[in-house]
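So the structure is just underneath, and the comments pick up after that.
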Amino acid sequence: MAVLSVLTVVGLGYVLLFTPTLGVRSVEVVGVSGAVAADIRSAADVPRERPMLRVDTDAVAGRVAALPEVAEVAVTRSWPSTLTVTVRERVAVAYHVDGTTVSLVDTAATPFKRVDEAPAGLPRFENADPSPEDPASRAAATVLASLPPELSGRVTAVRAATPGDVRLDLGDGSTVRWGDAEQNRIKARVLSVLLTRDGSVYDVASPELPTVS
């Protein structure tokens, strides 16, 4: 009986580790679709029918995380034969120009992807060196990410000298003094009302006491 038990365990281990019986049949991508999902499957680079237990999920996650569009990734085994790659895609809120290089900037103020030209519909990020480590840049990106569509579509540029001095340029040539990245929903509602009045500078840094000049 002891020998039989050992042989059973060895046989089961052999099946799990060295045969395609429980091998990878598909790679499921969760969180994105289309061309990005196809890029993720390619980056995952998992041979079909490789035994599930021999797949290094950390290595797969590392390869996928290297894609510029990916902000976060987790790789799990979905038995009996599916590898699930769950990702959170970066969302571009602006673009940044450095010399001749144009890069998309995400909600964390990370320049993550170079593009050939400034994309239509996105504002220019005017801080010299946007970065998640720069509090002013993070504040500016946070404000952009919080804007409702009817306001974000009017913004042509953003800049922040300090985390408490975010400013937005609008397409009509006016400027919005937004202040810090707090009370963003309230500030957006107040600004929507202020924009019905003529002015060149709209100040909602203190939304309880907004001004137009």
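Counting begins at 1 with the first residue of the sequence.
In this structure S78 satisfies the side-chain hydrogen bond (donor to acceptor under 3.5 Å, both in side chains) test together with T84, sequence neighbours excluded. Listed by chain and number, the residues in a side-chain contact (heavy atoms from CB on, under 4.5 Å) with P163 are P135, A136, A139 (sequence neighbours excluded). Listed by chain and number, the residues in a side-chain contact (heavy atoms from CB on, under 4.5 Å) with V201 are R177, S213 (sequence neighbours excluded). Every salt bridge (charged side-chain N to carboxylate O under 4.0 Å, His left out) that R88 has, sequence neighbours left out, goes to E72.
Among pairs with a residue in residues 130-145, none fulfils salt bridge (Lys or Arg N to Asp or Glu O under 4.0 Å), at least two apart in sequence or across chains. Pairs passing the side-chain hydrogen bond (donor to acceptor under 3.5 Å, both in side chains) check and including a residue from residues 140-168, sequence neighbours excluded, read R159-D169, D165-R167.
Hydrophobic clustering of Ile, Leu, Val, Met, Phe, Trp and Tyr side chains at less than 4.5 Å, counting indirect connections, unites V115 with V97. In the hydrophobic clustering of this structure, V55 groups with W79; members are Ile, Leu, Val, Met, Phe, Trp, Tyr whose side-chain heavy atoms approach within less than 4.5 Å, directly or through other members. Linking Ile, Leu, Val, Met, Phe, Trp and Tyr whenever their side-chain heavy atoms come within less than 4.5 Å puts V75 and L67 in one cluster. In this structure, F125 is not a member of the same hydrophobic cluster as V102, with clusters built from ILVMFWY side-chain heavy atoms closer than 4.5 Å. The cluster map of Ile, Leu, Val, Met, Phe, Trp and Tyr, joined by side-chain heavy atoms under 4.5 Å apart, puts V91 and L104 in different clusters.
Nearest heavy atoms, V158 versus V166: CG2-CG1, 4.1 Å. P207 approaches V190 most closely through the heavy-atom pair O-CG2, 3.9 Å. Between T110 and D106 the shortest heavy-atom distance is N-OD1, 2.8 Å. Across all non-hydrogen atoms, the minimal contact from V73 to A65 is CG1-CB, 3.8 Å. Taking all atoms of both residues into account, the shortest heavy-atom contact from L194 to D203 is CD1-O, 4.2 Å. Nearest heavy-atom pair across V143 and D180 is CG2-O, 4.3 Å.
Heavy atoms from other residues, nucleotides or ligands lying under 6.0 Å from CG of D172 number more than 12.
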Evaluate the side chain to side chain contact (heavy atoms under 4.5 Å, CB included) criterion for residues V36 and E89: first the C-alpha distance (whole Å), next the side-chain angles of each, then the deciding distance (0.1 Å), finally the verdict. CA-CA 9 Å; V36 176; E89 189 176 12; 3.6 Å; yes
Evaluate the criterion side chain to side chain donor-acceptor pair (under 3.5 Å) for residue pair W178 and N184; output intermediate values, then yes/no. CA-CA 9 Å; W178 192 273; N184 290 329; 2.9 Å; yes
Step by step, would you call V87 with V30 a side chain to side chain contact (heavy atoms under 4.5 Å, CB included)? CA-CA 6 Å; V87 301; V30 178; over 6 Å; no
Evaluate side chain to side chain contact (heavy atoms under 4.5 Å, CB included) for E208 paired with Q183, printing each intermediate quantity in order. CA-CA 11 Å; E208 302 84 359; Q183 297 181 284; 3.5 Å; yes
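No side-chain donor-acceptor contact under 3.5 Å links S174 to the backbone of L170. Although no hydrogens or angles enter the test, the distance criterion places a donor-acceptor pair under 3.5 Å between the side chain of R63 and the main chain of A44. No side-chain donor-acceptor contact under 3.5 Å links Y95 to the backbone of P111. When atom types are taken as modelled, the side chain of D56 and the backbone of D58 share a donor-acceptor pair closer than 3.5 angstrom.
Going from atom CZ of R25 over to atom CD of E49 covers 5.0 Å, rounded to the nearest 0.5 Å. Note that the OG atom of S206 and the NZ atom of K187 stand 7.5 Å from one another [nearest 0.5 Å]. A distance of 8.5 Å separates OH of Y202 from CG of L191, quoted to the nearest 0.5 Å. Here H96 contributes atom NE2 and L122 contributes atom CG; the two are 14.0 Å apart, rounded to the nearest 0.5 Å. The distance from atom OG1 of T100 to atom CZ of R114, rounded to the nearest 0.5 Å, is 8.5 Å. With rounding to the nearest 0.5 Å, the separation of OG1 in T82 from CZ in R77 is 13.0 Å.
Annotation: side chain of L144 is in contact with side chain of L168 (closest heavy-atom distance under 4.5 Å).
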